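Reckoned from all heavy atoms, side chains included, excluding hydrogens, waters and symmetry mates. In this text the structure is predicted, and so the values were computed from the model without any measurement. In what follows, residues are counted from 1 in the order of the sequence shown.
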Amino acid sequence: MLRLALILQRHLPRMAGLATIPLIRGLFLIARALGADRASNTGGWLARTVGPWLPSHKIAVANIRAAFPDLDEASVQRIAREAWDNLGRTGAEYAHLDTLFDFDPEGPEKRVSVQGIDQFVAVRDDGKPGLLFSAHLANWELPAICAEKFGLETTAVFRPPNNPAAAQLVAEVRRKTMGGLAASQPGAVFAMQGVIERGGHLGQLIDQHFTRGVVVEFFGRPVLANPLLGKLARHHDCPVHGARVVRRPGGRFMLELTPALDLPRDASGQIDVQGAMQAMTSVVEGWVRENPGQWLWMHRRWRPNMLPKPKTAAQPSPAPAEPVS
């Protein structure tokens, strides 16, 4: 009986997640039937109504207060509600990712506009491998869709959702709308390196906590960042670009690709991994400061207890005692 209880305790979360598959698929079908705009509006309303009652709202508010210590409480709460609104809209928009990106460089502006389209084309046609970093801003799935639409061979590194139902549905949607996909899991780094060696491009969201990461500063506080892109940039000496999305009124979006970053190098002339990740993180911080209500503040980005402990200086050995005569 005890063994059965232990087995159930171990597998209950996954069983509960699988049980939600019909519910999540039902919500997906409803969002699809509503159309992109109504689905986005409904998702935003639902998230900003329910979100402030969830435990993660306290995490969001604490993060915003620490990031913007000069803001009054009303402004802090407003940004938190906007973040919930953006999260709800992004979730509902998954049902429409196959039609959401409608940019046409030869036609009038529609739902999506792109700044730096020449940069996209140059990155696609330069014959070099490259790295792209982004963040959980606005609808963060759109850069990978843009790359696929414009023939930029890109493999997106992603971390599957913890909920099995959500993970399965998100994977299905991504496979239909994006290029290559690489789940962030043990052993995947070899496949990612292979992408660069073949002359392709690798994209990753870099604004989440990574336990075995390098220490960088984000809003003036130390955080752990995944060093993957920094290591690949050092090993292959390839260009690194930032890609972001800005949500605009009326269900519209703006995508932007930055020029290649001038990454710091060490005394040997090679790209410094920690310095590279700091440079990328600083760009992301600038994006968040520009549109704070469009970032995922509910994530526990700052985890001071998990930072590496500073090494203590070795104490000098005591001098040998003088012999007694």
Side-chain angles (χ1 to χ4, degrees), residues 31 36-37 39-52 54 56-68 70-71 74-97 100-103 109-116 132-146 156 158-159 161 170 203-209 218-219 223 241-258 280-302:
D37 291 332
S40 179
N41 292 338
T42 302
W45 171 83
L46 185 62
R48 68 176 180 267
T49 301
V50 176
L54 300 178
S56 51
H57 184 72
K58 293 181 180 179
I59 297 173
V61 169
N63 285 340
I64 297 167
R65 285 175 183 153
F68 301 103
D70 296 331
L71 282 184
S75 298
V76 169
Q77 294 292 338
R78 174 182 55 78
I79 292 174
R81 288 193 300 272
E82 289 176 355
W84 281 114
D85 177 87
N86 181 73
L87 181 60
R89 289 178 180 276
T90 301
E93 286 159 0
Y94 268 93
H96 300 277
L97 283 183
L100 209 58
F101 187 86
D102 61 359
F103 175 72
E109 182 175 320
K110 298 178 183 178
R111 183 183 299 276
V112 176
S113 63
V114 179
Q115 288 189 7
L132 305 169
F133 67 91
S134 192
H136 289 85
L137 280 160
N139 190 317
W140 53 83
E141 303 286 0
L142 289 178
I145 298 174
C146 178
F158 70 97
R159 189 174 74 178
V170 167
Q204 184 182 33
L205 299 166
I206 64 164
D207 57 338
Q208 288 187 297
H209 170 82
F218 189 51
F219 283 89
V223 296
H241 299 262
R244 69 158 172 171
V245 185
V246 177
R247 187 180 293 277
R248 289 178 166 174
R252 296 180 297 119
F253 302 90
M254 186 275 290
L255 274 68
E256 180 184 23
L257 185 72
T258 72
M280 296 180 225
T281 301
S282 296
V283 172
V284 171
E285 180 179 327
W287 292 342
V288 177
R289 287 186 180 277
E290 190 174 335
N291 294 286
Q294 298 186 19
W295 190 60
L296 197 66
W297 291 100
M298 308 81 174
H299 171 60
R300 291 177 59 225
R301 185 66 185 97
W302 293 271

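- Rounding to the nearest 0.5 Å gives a distance of 7.0 Å between CD1 of Ile79 and CH2 of Trp297.
- Arg244 pairs by the salt bridge (Lys or Arg N to Asp or Glu O under 4.0 Å) definition with Glu256, Glu290, not counting sequence neighbours.
- A donor-acceptor pair is defined here as one N or O able to donate and one able to accept, closer than 3.5 Å; such a pair exists between the side chain of His96 and the backbone of Ala31.
- Ion pairing of Glu93 with Arg247 is present here, as a side-chain N (NZ or NE/NH1/NH2) and a carboxylate O approach within less than 4.0 Å.
- Using modelled atom types, one finds no donor on one side chain facing an acceptor on the other under 3.5 Å when comparing Trp302 with His209.
- When side chains are defined from C-beta on, Phe253 counts as touching Leu142, because their heavy atoms get closer than 4.5 Å.
- His241 is linked by a side chain to side chain donor-acceptor pair (under 3.5 Å) to nothing, counting only residues two or more places apart in sequence or in another chain.
- Side-chain contact between Thr281 and Asp207: absent, with no pair of heavy atoms (C-beta onward) separated by less than 4.5 Å.
- Side-chain contact between Ser40 and Trp45 is absent, with no heavy atoms from C-beta onward closer than 4.5 Å.
- Rounding to the nearest 0.5 angstrom, the gap separating the CG atom in Leu132 from the CG atom in Leu205 is 11.0 Å.
- Side-chain contact check for Val284 versus Phe133: some heavy-atom pair is nearer than 4.5 Å.
- In the displayed structure, Arg252 atom CZ is contacted under 6.0 Å by more than 12 heavy atoms of other residues, nucleotides or ligands.
- Between Ile145 and Leu100, every side-chain heavy-atom pair lies at or beyond the 4.5 Å cut-off.
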Decide yes or no on side chain to side chain contact (heavy atoms under 4.5 Å, CB included) for Phe219 and Val288, but give the supporting numbers first. CA-CA 10 Å; Phe219 283 89; Val288 177; 3.8 Å; yes
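- Taking the charged nitrogens against the carboxylate oxygens, Asp85 and Arg81 have no contact shorter than 4.0 Å, which rules out a salt bridge.
- When side chains are defined from C-beta on, Glu141 counts as touching Tyr94, because their heavy atoms get closer than 4.5 Å.
- Between Val245 and Leu137, every side-chain heavy-atom pair lies at or beyond the 4.5 Å cut-off.
- Here the straight-line distance linking atom OG1 of Thr90 with atom NE2 of His136 works out to 10.0 Å at 0.5 Å rounding.
- Centroid-to-centroid, the aromatic rings of Trp287 and Phe218 stay 6.0 Å apart or farther.
- Side chain to side chain, Trp295 and Asn86 fail the donor-acceptor criterion of an N or O pair below 3.5 Å.
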Starting from the C-alpha separation in whole Å, work towards a yes-or-no answer on side chain to side chain contact (heavy atoms under 4.5 Å, CB included) for Ser113 and Arg248. CA-CA 10 Å; Ser113 63; Arg248 289 178 166 174; 3.5 Å; yes
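- Counting heavy atoms from C-beta on, the side chains of His57 and Met298 never come closer than 4.5 Å.
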